[in-house]
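Working notes, beginning with the structure itself.
Indexing begins at 1, ligand by ligand and atom by atom, following the structure's order.
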Amino acid sequence: MVNDDLPQIDDAAIEQSLVANRTVDAVRVREILSRARELKGLPAQDACALTQLSDPELLAELFAAARFIKETIYGRRLVLFAPLYVSNLCANDCLYCAFRARNTSLKRRALSQGEIAAEVKMLVEQGHKRLLLVAGESYPREGFSYVLKAIETIYATRSGAGEIRRVNVNVAPLTVDEFAELKNSGIGTYQLFQETYHKATYSHVHVLGKKRDYDWRISAMDRAMQAGIDDVGIGVLFGLYNWRYELLALMQHISHLEARFGVGPHTISVPRLEPALGADLAEQPPQPVSDIDFRKLVAILRLSVPYTGIIMSTRENANIRRETFALGVSQISAGSRTNPGGYANDHDNPADESQFSLGDHRSLDEVVRDVATLGYIPSFCTGCYRLGRTGQDFMDLAKPGDIKMHCDPNGLSTFQEYLDDYASEETRQVGLKLITDVLTNMDPKSKAVSEKLLTRVRAGERDVFV
Ligand code: SAM
Ligand code: SF4
């Protein structure tokens with residue numbers, strides 16, 4: 001990996017590591033797990049060794065270590081968000097995606113600013129505070145400024161006392177100047193997945209348009225950071241190539257960003273290929289990742305980069321999502337639609353406009369209730385971003401495990417807001433009990449901070465955080 005230049009994936013090092021770590025003994029595994037519990041991350045060799053685990057006892061120890069790290073750093077909160085698909089126009093042809101240019105069975109649609117506002121209103125009325133704006137790689141006539149206008153619309157839309165407080169963005173790679181405009185529009189995280197770090201596979205599945213350019217895509221985070229966006233989210237589309245290779249390549253990408261900019265990604269996403277209309281490759285993933293390997297990969301990521309958020313979307317079903325909460329996931333989407341206009345015009349079969357099919361169809365209220373029943377704090381917090389605690393500042397707090405002093409109290413106060421303003425009666429009862437239980441088991445300092453915030457929210461104040 002060249003650190004002062006664009007990211008380069010060192011294939012030879014990955015192959016060597018995969019061969020050298022084909023077998024791994026229990027003594028080494030336990031030595032790695034005990035080092036991981038020091039919260040300093042793991043070198044690629046160790047992560048690679050863990051990918052080979054199959055012994056149930058050792059796997060259970062891996063999962064326990066992941067849970068320990070997650071709870072030590074982030075506490076018990078799980079941040080909730082919803083994707084907002086503004087357009088499915090696309091000039092690329094990614095063989096796995098329903099939005100691909102040559103998919104003639106897809107109904108194409110770019111939302112007007114009024115339609116975007118209608119979507120946002122629906123999401124605000126469900127209780128959402130964070131959105132992820134998503135679009136295909138082709139914009140209506142006004143070009144990239146369409147995205148900037150959409151962000152403006154989202155922040156300007158209110159319903160009752162509610163509003164969206166953080167907009168993250170997942171759109172095609174931009175130039176440094178465009179990234180600077182995106183930053184000025186007040187986004188939280190810029191998110192982009194490399195899909196696969198394996199060049200031959202990348203060329204094979206990206207057959208048309210600008211996305212064919214592997215280097216333009218892998219260097220996007222460098223340009224974003226050069227433009228001053230210090231929260232970036234990376235990811236792999238699992239199922240395209242060998243997941244062990246992808247994991248090690250992802251770690252090289254992270255090392256590159258850390259070496260060049262002093263800070264790694266804010267989040268990692270782990271989408272697995274889901275069936276998509278008009279995209280045969282998605283029906284039959286070339287290298288599918290089994291459920292057990294998927295859990296393993298989430299846990300290994302938690303150990304390897306303990307301070308980086310892990311995002312789990314509604315591509316996965318409710319059971320897998322539940323299992324991965326304990327393994328290190330810190331953010332989840334809920335009540336999602338992947339068709340533009342899907343929130344305001346909810347109908348039963350949006351498949352002809354959607355990007356892929358979902359594994360979890362539950363409403364936000366149902367997901368919140370489930371999360372709370374499992375003992376996690378459903379959090380709508382946007383405090384870090386609002387206080388400018390991003391990039392290096394966030395990492396400085398996250399690395400020694402201090403962030404949970406903020407996350408748990410802010411999680412509780414925003415959860416109380418949700419319970420007061422949006423929850424069903426059933427969810428409210430489960431939620432109030434959770435808040436009491438969490439407070440009972442909290443350290444005295446966090447408890448005092450939380451109680452102060454909760455008192456303010458219960459008295460009607462909104463948007464309070466530390
Ligand atoms: N068009 C932009 C791009 O490709 O980067 C941004 C938005 S794209 C709609 C968001 C992500 O959806 C892609 O990066 C890809 O990883 C994911 N995706 C596409 N098809 C998928 C499928 N069939 N199953 C799961 N995820 C998929
Ligand atoms: Fe277009 Fe993105 Fe889908 Fe590729 S993944 S076809 S770029 S929307």
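- From the protein, the heavy atom lying nearest to atom 6 (C) of ligand 1 is Asn170 OD1, 3.1 Å.
- Counting heavy atoms under 4.0 Å from ligand 1, residue Cys97 touches it through both backbone and side chain.
- Among protein heavy atoms, the minimum distance from atom 20 (N) of ligand 1 is reached at Tyr96 CD1, 3.4 Å.
- Compare Glu137, Arg315, Glu274 by their heavy atoms: the one nearest to atom 26 (N) of ligand 1 is in Arg315.
- Annotation: the span from Asn170 atom CG to Phe193 atom CZ amounts to 5.0 Å, rounded to 0.5 Å.
- Look at Gly136 and you'll find a heavy atom under 4.0 Å from some atom of ligand 1.
- Of the heavy atoms in Leu192, only side-chain atoms (C-beta onward) come closer than 4.0 Å to ligand 1.
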Original post:
Glu119 and Lys121: salt bridge (charged side-chain N to carboxylate O under 4.0 Å, His left out), yes or no, with the steps?
Top reply: CA-CA 5 Å; Glu119 291 286 277; Lys121 235 168 158 295; over 6 Å; no
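- For ligand 1, the atoms closer than 4.0 angstrom to any heavy atom of Leu273 are 22 (C), 23 (N), 24 (N).
- Stacking of Arg272 on the aromatic ring of Phe238 is not recorded, the 6.0 Å distance cut-off and the 45° axial limit not both being met.
- Of all protein atoms, those of element N, O or S that lie under 2.8 Å from atom 4 (Fe) of ligand 2 number 1.
- Side-chain atoms of Thr196 and Glu246 include a donor-acceptor pair closer than 3.5 Å.
- Defined by atom type and a distance below 3.5 Å, a donor-acceptor pair is present between the side-chain atoms of Gln355 and Tyr85.
- Considering backbone and side-chain atoms together, Gln355 places an N or O closer than 3.5 Å to an N or O of ligand 1.
- For the pair Ala135 and ligand 1, a heavy-atom separation below 4.0 Å is found.
- Heavy atoms of other residues, nucleotides or ligands lying less than 6.0 angstrom from CD of Gln284 number 12 at most.
- Contacts with ligand 1 closer than 4.0 Å are made by side-chain heavy atoms of Arg217 only, the backbone lying farther away.
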Original post:
For Glu137 and Lys210, what are the C-alpha separation, side-chain angles and deciding distance, and is it a salt bridge (charged side-chain N to carboxylate O under 4.0 Å, His left out)?
Top reply: CA-CA 9 Å; Glu137 187 163 358; Lys210 205 161 177 183; 5.5 Å; no
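- At a 4.0 Å heavy-atom cut-off, ligand 1 touches Val134 through the side chain alone.
- Each of the following atoms of ligand 1 lies closer than 4.0 Å to a heavy atom of Lys211: 3 (C), 4 (O).
- For atom 21 (C) of ligand 1, the closest heavy atom belonging to the protein is Phe356 CD2, 3.6 Å.
- Each of the following atoms of ligand 1 lies closer than 4.0 Å to a heavy atom of Ala282: 23 (N).
- Looking only at distances, no side-chain donor or acceptor of Asn410 sits under 3.5 Å from a matching main-chain atom of Cys381.
- No hydrogens or angles considered: a donor-acceptor pair under 3.5 Å links the side chains of His206 and Tyr96.
- Nearest to atom 15 (C) of ligand 1 by heavy atom, out of Glu195, His206, Gln194, is Glu195.
- A salt bridge between Arg369 and Asp365 is present, with a side-chain N of the basic residue lying under 4.0 Å from a carboxylate O of the acidic one.
- The closest donor-acceptor contact from the side chain of Arg322 to the backbone of Val371 lies at 3.5 Å or more, if one exists at all.
- Taking a cutoff of 4.0 Å between a charged side-chain nitrogen and a carboxylate oxygen, Glu316 and Arg321 do not qualify as a salt bridge.
- Side chain to side chain, Arg100 and Asn103 fail the donor-acceptor criterion of an N or O pair below 3.5 Å.
- Listed by atom number, the atoms of ligand 1 under 4.0 Å from Ala276 heavy atoms are 23 (N).
- Ring-centre distance between Phe380 and Phe415: not below the 6.0 Å cut-off.
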